[in-house]
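Note that these values count all heavy atoms, side chains included, but never hydrogens, waters or copies made by symmetry. Just so it is clear: chains get the letters A, B, ... in the order the sequence lines come, proteins before strands, and each one is counted from 1.
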Amino acid sequence: GAGVSQSPSNKVTEKGKDVELRCDPISGHTALYWYRQSLGQGLEFLIYFQGNSAPDKSGLPSDRFSAERTGGSVSTLTIQRTQQEDSAVYLCASSGGTGGMQPQHFGDGTRLSIL
Amino acid sequence: GNSVTQMEGPVTLSEEAFLTINCTYTATGYPSLFWYVQYPGEGLQLLLKATKADDKGSNKGFEATYRKETTSFHLEKGSVQVSDSAVYFCALIDTSYGKLTFGQGTILTVHP
């Protein structure tokens with residue numbers, strides 16, 4: 001597609017449930033990033049993919065969070081046993097390269113609300 | 001580790017006023033620097049960037065100069081418009097693999 005696509009745009013779920021968030025990067029972009037935007041914490045890096053591998057998972061806040069990428073394209077961020085502090089906007093970005101030479105293009109995000 | 005500090009907001013200006021949003025950074029090596037903007041109800045968009053010292057990024061009337069000696073990348077615009085109302089984020093990339101580190105964001109509101 002023309003841009004990074006994320007789904008769902010909004011998700012409301014009960015505490016303790018699992019959720020899956022999807023990201024479709026721009027076609028041909030090899031680098032994919034997940035970030036989280038929450039009140040009080042700002043924008044935080046979660047995980048970085050180059051192709052299907054994740055060289056940097058250092059931003060994942062706990063072992064309840066995991067992510068995968070298949071076919072060098074679509075990525076899924078999974079949060080197990082959700083907690084209220086997981087409420088945030090989850091942003092995905094893709095880039096045609098790493099480093100500072102290629103800009104990251106962001107999706108509109110998934111707004112996750114944990115009741 | 002890397003960090004980015006932006007001036008505290010929110011910032012409220014009248015149309016045609018001069019805008020400065022301060023940004024300073026701490027990083028090893030020579031990062032690339034960015035300003036991203038988030039308009040109400042929209043996603044993050046790249047506003048401008050600079051990849052080396054003394055570079056000036058510019059777009060839509062906004063400018064920022066990469067100052068290595070003061071580790072700063074202040075955003076400026078000579079005459080703001082109501083349509084510039086948004087949240088502005090300063091960010092840097094560690095050139096080793098592209099992870100963005102963001103400042104806390106500055107809310108700008110421009111009144112007619």
Chemist: Give the cluster check for F49(A) versus Y90(A): same hydrophobic cluster or not, with ILVMFWY residues linked at side-chain heavy-atom distances below 4.5 Å.
Modeler: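 Linked, F49(A) and Y90(A) end up in one cluster.
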
Chemist: Give every residue pair that meets the ring pair (Phe, Tyr, Trp, His ring centres under 6.0 Å) criterion with at least one member in residues 1-22 of chain B, sequence neighbours excluded.
Modeler: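 The answer is none; no pair qualifies.
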
Chemist: Below 3.5 Å, can you tabulate the donor-acceptor pairs from side chains in residues 103-112 of chain B to any protein atom, sequence neighbours excluded?
Modeler:
from    : atom 1 : to    : atom 2 : distance (Å)
Q104(B) : OE1    : Q6(B) : N      : 3.2
Q104(B) : NE2    : Q6(B) : O      : 3.0
T106(B) : OG1    : Q6(B) : NE2    : 3.0
T106(B) : OG1    : M7(B) : O      : 3.2

Chemist: Looking at every non-hydrogen atom in both residues, tell me the closest pair between Y36(B) and Q104(A) and how far apart they are.
Modeler: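 Smallest interatomic distance, heavy atoms only, reads OH-O, 3.2 Å.
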
Chemist: Side chain, backbone, both or neither: which part of L100(B) has a heavy atom under 4.5 Å from chain A?
Modeler: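 Its backbone and side chain both get close to chain A.
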
Chemist: Just how far is it from atom NZ of K99(B) to atom OH of Y35(A), taken to the nearest 0.5 Å?
Modeler: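 Here the interatomic distance stands at 8.5 Å.
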
Chemist: Give a yes or no on whether L115(A) atom CG has more than 12 heavy-atom contacts from other residues, nucleotides or ligands under 6.0 Å away.
Modeler: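 Counting neighbours around CG of L115(A), more than 12 heavy atoms of other residues, nucleotides or ligands fall under 6.0 Å, so yes.
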
Chemist: Quick one, L44(B) with Q37(A), criterion side-chain contact (heavy atoms from CB on, under 4.5 Å). Give me CA distance, side-chain angles, the key distance, then yes/no.
Modeler: CA-CA 11 Å; L44(B) 272 173; Q37(A) 186 175 19; 5.7 Å; no

Chemist: A quick test of your reading: do over 12 heavy atoms of other residues, nucleotides or ligands sit less than 6.0 Å from CD of E16(B)?
Modeler: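 Atom CD in E16(B) is not packed in, count stays at 12 or less.
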
Chemist: Please check if the number of heavy atoms outside E69(B) that lie under 6.0 Å from its CD is greater than 12.
Modeler: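 Yes, the 6.0 Å shell around CD holds more than 12 heavy atoms from other groups.
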
Chemist: I'd like to verify something: which residue of V4(A), D56(A), D108(A) has the highest number of heavy-atom pairs under 4.5 Å with chain B?
Modeler: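 It is D56(A).
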
Chemist: Please state whether the side chain, the backbone, both or neither of Q45(B) comes within less than 4.5 Å of a heavy atom of chain A.
Modeler: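 Neither part.
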
Chemist: Is S9(A) close to chain B through its backbone or its side chain, or both, or neither, when contacts mean heavy atoms under 4.5 Å?
Modeler: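 Neither the backbone nor the side chain of S9(A) comes within 4.5 Å of chain B.
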
Chemist: Which atom names give the shortest non-hydrogen contact between L46(B) and P103(A), and what distance separates them?
Modeler: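 That would be CD2-CB, 3.4 Å.
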
